[in-house]
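Some notes on the structure that comes next.
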Amino acid sequence: MNLACIILNYNSYFETKKLVDRVKLFTTFQYIIVVDNKSTDDSYINLLKQKSQKVHIIQTDKNGGFGYGNNFGVNYANELGMQYALIANPDVEFKEEIIPPMLEVFKQKLDATVVVPASYKNKKIRAFQVQSNLQIVMSSSLILNKLFSSRLGRVELKQLSSNRPVEIGIFSGALFMIDILKFTEVGMFDEQIFLYFEESVLAEKIHKLNYNIYMLPGIDFKHVGSKTVKKNVSSFARIKKYEVTSKQYFLKKYRNVGRIKLFIYSLFFYESILEMYLYGLLKK
């Protein structure tokens, strides 16, 4: 089965090289495609040393964000004749044994566009059902997340069976597999979004065409954390601002939220930025 692994790099040479050194030994991958998202350090020059018949190193013309870089890699994989792609952040660790079950889901579920292994944070699974507009707004707040965690659409562990793929609404983008043809058909990642909420927008586009996203609770991986983001976006409040901007764009373009409602939602968004600013002060 034609499968490529796409790794997006931005100023993270050592993390990316470490992952490439592991996955280039996987026999399930026909190609490893490393996309340098126009790094400002020497990442691209150093990564070129990893180039081989199996490992391809390419570079975007600009740093257009997570979606732009991964779209660039998917288009390249498509040109190589790949049918599927595993998209991985540089800061993940996974075993080759998780790949065949993910590929099998595409055979079982003809509507599958994205398949993900289970991902956990603070013992909670990182997967949601499709969220309402209000849930999207509330989930921006640290306080409301704590108070109403169970009401924000998170998939509960008791809902899962480790023996079968589970249909979910929204997935974590640290590690996921795509059917390239369907991914392209739904419009790929929205490149107007630079950072954060890209997966939710993609999920909206997938469901609009009656395709689906599946998670395999019985397999998982390790996500070390968003070191690239933390390294390059110094302020906690600035990180939250990226998220809020993406959500405002999503609500306006994909949910057709009017001006008055968007203004009210924006008040909550700005409150969440203030929360994150204060949180950043406490962390210092």
Side-chain angles (χ1 to χ4, degrees), residues 1-6 8 35 64-78 82-89 98-99 101-119 125-133 135-136 139 152-155 159-160 164-217 219 221 223 243 246-257:
M1 199 167 286
N2 294 336
L3 173 67
C5 179
I6 298 172
L8 184 64
V35 182
F66 177 87
Y68 183 87
N70 279 310
N71 283 351
F72 193 85
V74 172
N75 284 328
Y76 186 85
N78 194 29
M82 296 296 98
Q83 187 176 1
Y84 302 101
L86 183 76
I87 297 178
N89 280 6
I98 75 169
I99 296 169
M102 295 174 74
L103 283 169
E104 186 62 28
V105 175
F106 289 106
K107 292 181 182 179
Q108 296 175 5
K109 307 288 186 179
L110 298 182
D111 60 347
T113 303
V114 172
V115 176
V116 296
S119 175
I125 201 152
R126 300 180 69 171
F128 290 81
Q129 303 300 347
V130 175
Q131 290 180 305
S132 67
N133 294 345
Q135 286 174 323
I136 289 170
S139 63
L152 296 180
R154 186 184 295 275
V155 175
Q159 299 173 326
L160 305 178
R164 61 181 181 83
V166 178
E167 188 179 319
I168 60 173
I170 305 167
F171 65 99
S172 168
L175 183 71
F176 61 101
M177 190 177 291
I178 62 167
D179 177 313
I180 291 177
L181 185 62
K182 291 189 181 73
F183 181 79
T184 305
E185 184 184 349
V186 302
M188 312 178 81
F189 282 115
D190 187 327
E191 295 179 4
Q192 294 303 309
I193 293 180
F194 183 80
L195 191 64
Y196 290 113
F197 214 62
E198 306 93 335
E199 303 97 328
S200 295
V201 176
L202 177 62
E204 189 86 356
K205 295 162 80 171
I206 289 170
H207 294 132
K208 190 168 286 187
L209 290 188
N210 295 317
Y211 290 140
N212 278 306
I213 301 162
Y214 291 92
M215 183 177 66
L216 286 169
I219 61 173
F221 69 99
H223 185 199
E243 177 192 329
S246 298
K247 287 183 173 182
Q248 288 172 318
Y249 170 80
F250 170 79
L251 289 170
K252 183 177 180 180
K253 179 175 179 178
Y254 291 94
R255 294 285 177 88
N256 298 312
V257 172

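Quick note: residue numbers are just sequence positions, from 1.
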Fill in: Which atom of Met102 lies closest to which atom of Pro117, heavy atoms considered
CE-CD, 3.6 Å
Worksheet item: After noting the C-alpha distance and the side-chain angles of Gln108 and Tyr214, does the key distance pass the side-chain hydrogen bond (donor to acceptor under 3.5 Å, both in side chains) rule?
Response: CA-CA 11 Å; Gln108 296 175 5; Tyr214 291 92; over 6 Å; no
Worksheet item: Do Glu198 side-chain atoms and Tyr196 backbone N/O form a donor-acceptor pair below 3.5 Å?
Response: yes
Worksheet item: Do Phe128 and Phe171 have their ring centres less than 6.0 Å from each other?
Response: no
Fill in: Glu243 with Lys247: basic N within carboxylate O range, under 4.0 Å
yes
Fill in: Closest heavy-atom pair and its distance - Leu8, Gly65
CD2-O, 4.5 Å
Worksheet item: Does the separation of the ring centres of Phe197 and Phe250 fall below 6.0 angstrom?
Response: yes
Let me check something: any side-chain donor-acceptor pairs from residues 172-179 under 3.5 Å, sequence neighbours excluded? List them with distances.
residue : atom : partner : partner atom : Å
Asp179  : OD1  : Leu181  : N            : 3.1
Asp179  : OD1  : Lys182  : N            : 3.1
Asp179  : OD2  : Lys182  : NZ           : 3.3

Worksheet entry | Residues Tyr84, Phe106; criterion ring-ring contact (aromatic ring centres under 6.0 Å, His included); working and verdict | CA-CA 9 Å; Tyr84 302 101; Phe106 289 106; 4.9 Å; yes
Fill in: Pair Glu167 + Lys109: basic N to acidic O under 4.0 Å
no
Worksheet item: Taking the inter-plane angle between the rings of Tyr68 and Phe72 on a 0 to 90° scale, is it parallel (under 30°), tilted (30 to 60°) or perpendicular (over 60°)?
Response: parallel
Worksheet item: What do you reckon, is NZ of Lys205 surrounded by more than 12 foreign heavy atoms closer than 6.0 Å?
Response: yes
Fill in: Test item: Gln131 side-chain N/O and Leu152 main-chain N/O as donor-acceptor pair under 3.5 Å
yes
Fill in: Among Ile219, Ile168, Leu216, the one residue meeting side-chain contact (heavy atoms from CB on, under 4.5 Å) with Val116
Ile168
Worksheet item: Are any side-chain N or O atoms of Asn75 and backbone N or O atoms of Asn71, one a donor and one an acceptor, separated by less than 3.5 Å?
Response: yes
